Amino acid sequence: MHRLVKYLILFVSIFTTLVSPVNVGACGFDIENRTYRFWLFGSDVDKLEALRPYRLDYDSFTSEGVRWTQDESKEVDEAAFTPLSGIQWENIRQWQKVLPRPVEGWAIFQALYKLEGNEAAFEENDFVQALKGMSEKGFYNYLKFAKKAEKGASIYAWETVEPTQIRPNLLMEAEEALSKAPNGFLKQRYAFQLMRLGHYQNDKTLLNRIYHQYFASAPDSWLKNSAFFFKTVGVGMEERKYDQSTFGHYLMLFDKLSDKRTLIARKLPKSILDSMFSQVKSPKEKSLTRLIATLKEPARAFGQIQETYQLYPQNRFLPMLFARELNKIEDWLLTSQVTGFEATELPANPPNYSDENYNSFWQNWRNKVRNRAIDLRYLQQLHDLAEQIIEDNKQPDVGFYHLFTAHADFLLGNQIGANEHLGKLSTSLSPTRRFQKGILQTLLNFGQGQAINSNQEHNLYQFMQDAVQFRPQVMDFDAQFDNLLMYVANQYKQKGMFHKAILLQAKTQVPVSKAEDAMGVDWQNTYYPNRIWSYLQDAGSEKDAVALLKFMHKEDKSDFEKFLLNQKMLNEGDLLEIIAQFRLRRDDVEGAYRAVSSLQKSNLEKRSMMWLSTGEALNDSLNAAPLDVNPFQVNTSKRVLRDGSILYLKDVLGQYLKYKKDAEAEGNGDKGRALLKMANFQYNLTYHGNSWRVNRSWRSVNDMLNNTQNTSFEQDYFGAARAKRYYENALANTQNSQIKQIAAFMAAHCAQLMRQYQAALASQNWTPERDGRLDLSPYQRQIGTDTALLDKWVKDCSGLADFMKRI
Amino acid sequence: MLIQLALKLQMKALNWLFLGIMLCTIAACKERTVVRSMYWWRTHFTLSQTEQNFLENQQIKRLYVRLFDVDWVDGEIIPIGKLQVQNPHVASEIVPVVYIKNRVLQQLKSQNADALPQLAEQIDGLIERYQKVYFKTNFAHEIQIDCDWGVKEQEQYFLLLKALKKRQVHRTISVTLRLFPYKNAHLTGVPPADRAMLMLYHVAKFTDYNAKNSIYNSNDAAAYLRRASPYPIPVDIALPVFSWGVLFRYGKFEQLFNGLGHEEANRLGFLKRQGGFYRVQQDTVFRGTFLRIGDEIRVEQLSEEELFTAANQTAKILGQSQTHISLFHLDDTFLNHYPHASLGKIFDTFR
């Protein structure tokens, strides 16, 4: 039997182990296909796109297509836009020539390149209307066919196991339409559609036939070049064999076809580019070959860039390389460091020898310093080359190099050089360049000096007004602009104007977590639906709050100041409550009362804290009165001063001050009671009290465990240090035995809470036996002999709260 | 006397109980039928000689082959990344796998009522085309849907599975099952499918610098595997044989080097093994990425021993008499990480 029992115990214990539930902290996620589904860059993974360094890439300077002014009806002056204009312009111009009446380029652009899947908008489009109104219906029919052909591949995707096949009847339809096309304009376009479909179908016979019949002897145009691209690409660029002639075709297409340029650069294998370099003859081709190869270089490429330039100084694509290098450097440097979003200096308290991450921290720090120095040296090399190019004056777009060197100077910390180069930029810049120039000027403007003046603010405001019109033409306009505003906000913070910093950051769409990083704020206060108040409470001070109040009341505000203050969530009621909270933290109850005393219900109608009503009576069933106390109320949800609107706070503070007056009155026999009420109020301001909301806007059950600070506020808030002093004061200044017993009990309880807090700080478990002891010994002498109530509460505290209310 | 009688009766009852337990144990020890399987998760289907040999020598009966992904592109639900089949001849039976991206399910919510059955029809149709064109005779009577659905996508996903089942009443519909929904079926629901393939990997975040091995470690896996009751539908198991390198710069995640294993990392002259990382010793370009001095690569790859641990760990959760055990995934690079015979023995762990 003995053995059987042992088996049974073993069986039960194993069974219990196997089926008992456990908590899991992490969650699993999907495995992605190894070939193409993996994320490539950390910035994408972390969704850092919105805070990427200021963009200075190829796309910012060139246009692959048409971009428009803000009212979206007036096209941008093409010549001013970019020296590398897109083929879409050419197409739109050609269509405008065949139309019977003038149609805005914008409408043509929309109909040709947009409005996918929006049949109604397509039919209402002015360009489409003009086509419909023509006696020759072939133009309208062509456009409909072109749209169908575009969708053909995706619709057919469900019907074939081939990766890029198109529906055969689409080809037949195109052939038939081509044969019936009434004029050369439409014939060439149907032929172009056939080339495109033939390319997807990989039908070489078709491609050769159509090209030779319709394009071979035609004059140079985007249609001809595109058709040639479809014919040449044929079997694919990676797999094909190259000779000097076929390679030359790709160089020609790279030069002429803006919409295929990236594709060609991406698909031409590096090995081919390297091997063909010696075979191509002209300096222009050699330079272009080196340029495309350099675009593929992930590391530093100064030698190749220099060679590309020297081979053919007129190479109009050279800015691509400079812009790309700058992006690489910015990625390596983390421009965020340069712009102050991330510390370049050692933190104030780097890990010391005993810290777990000591080794990795210093190793990383040394690598950062080393890499940063290398990157800056490399940037200086590029900067000098760009200055040489400006001096040589052989590049068609010298303006680019001024902008480049200005940006490089900014990164290198040379503000004078940066301003000089910006000053040399032409006044008639394309929108993208004006935007980039404005960003740089703002960075330079706010980056210098110890303070920020109204002139700087005025310039920023002007730029903001000016920049809005660039929105349609600038890539990722909003993200870039938000970057800029976060930078300026950070500068305000660094220069002691935190109230303006928080107002400006609230104007951005930067995600909260990223804004925190940029502002250097650890936003814990998620109870506030408004970043202004959260940052003010978590990272600001009473001085900042008062400065904000003063700013709100300022007369003759500038346009920029009005812009800053024009925020939905901004209202005086919330701000005054926060000021009162700051004052309560340092036990300035009179000051807190002064802050809220002027407020009436009418001031509070637009308050942001939506869960708070405006001045409703305290619901005592939910909230214990702040001047009473129930230290053993465990339901934390009741601790929110749910109806604790600012008007209620005003009442409570008024009551407190009345007790204070009573306590200070000479010869007051009831002094002890007043002191006890004051102590209760202090207790309720703590993390453990019922009215912590009066002192701090948020509370979580894990706050104390997660808190790592040990300031006087934390001592009072988590450790009830101040409340203890108030109870001890009450104990010392009363003859009333009942009050003595309550005050002693609560003072001892506050000491208990301090032990609990200290244990949490030291990451130790709170042990009831060791820390939970209610130690009344320090107060024995003051309590005297009447301890009946105390003895009762020590055994069972349930009656304390009711008793307290009766006092 | 009475006490003695009571003791006797108690002893008899305990003996019966012991006998019952023994019988249960014997019943549980009855050998389970294990169908040896592998996943094919590449975009081109053409097996190398090593891969073919492995399938034959290790008697791999089944290949779960990803045919295509279903994605939402430019306002349309379309198949992308279709499998390109160079050489369809393989002795193992093929289970077609289709990966559904969550955004498709999210989009289905706002589409009209026909969209969901239409998608089921399209998926079904494209699978059939693959069968007709390439895998004429060796398609299994099973279709597997791979999806990392969450609470937001649950309703549409389950409706889609039902719609597929309605079209394929005679076929088994299986689903892949990540560890999270396995553990938290009360949150994510149990898919209306005939079987579920539990993917025993990604037990931690690979972006976490402090993670030891995010692909698999027994502690993290154990937390996911413990359930109060068996999973409501029959469970098959997929074990990870893949590897990758996780690149960190200054302690922050940068990117993944897929397929990188210890053997290759040890061969790379610019890397030096230090602790749990390979540290970059000089600025260099590796697989198109510019690496800098001090960059750290954590190679995540299961050792043979860990693979057996994973197998033993998951064998305990299986209840049914027949199961499909699969390795993820068939690839020369990964097969070379292990003695092939050992990989074969992994399957036996589940008998």
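Remember, it's a predicted structure, so these values are computed and weren't measured experimentally. Chain A is the first sequence line, chain B the second, and so forth, proteins listed ahead of strands; every chain is numbered from 1.
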Given that the side chain runs from C-beta out, which part of [X] has a heavy atom under 4.5 Å from chain A: side chain, backbone, both or neither?
X	value
B/Leu225	neither
B/Tyr182	neither
B/Val280	neither
B/Gln274	side chain

Minimum heavy-atom separation for [X] to [Y], with atom names?
X	Y	value
A/Ala299	B/Phe290	CB-CD1, 3.3 Å
A/Thr160	B/Leu126	O-CD1, 3.3 Å
B/Arg279	A/Gln363	NH2-OE1, 2.9 Å
A/Asn367	B/Gly294	ND2-CA, 3.2 Å
B/Pro79	A/Ala157	CG-O, 3.5 Å
A/Arg370	B/Asp283	NH2-OD1, 3.6 Å

>> Please identify, among B/Tyr134, B/Tyr130, B/Tyr209, the residue contributing the most non-hydrogen atom pairs under 4.5 Å to chain A.
In response: B/Tyr130
> Quick one: of B/Ile123, B/Ile317, B/Leu67, who has the most non-hydrogen atom pairs under 4.5 Å with chain A?
Replying inline: B/Ile123
> Counting N and O atoms only, with roles assigned by atom type, does the side chain of A/Trp158 sit under 3.5 Å from a partner on the main chain of B/Leu119, one being a donor and the other an acceptor?
Replying inline: no
> More than 12 non-hydrogen atoms from neighbouring residues, nucleotides or ligands closer than 6.0 Å to NZ on B/Lys212, yes or no?
Replying inline: no
> How many angstroms lie between CG in A/Asn364 and CD in B/Glu296, if you round to the nearest 0.5 Å?
Replying inline: 6.0 Å
>> If I take atom CZ from residue B/Phe277 and atom OG from residue A/Ser360, how far apart are they, to the nearest 0.5 angstrom?
In response: 9.0 Å
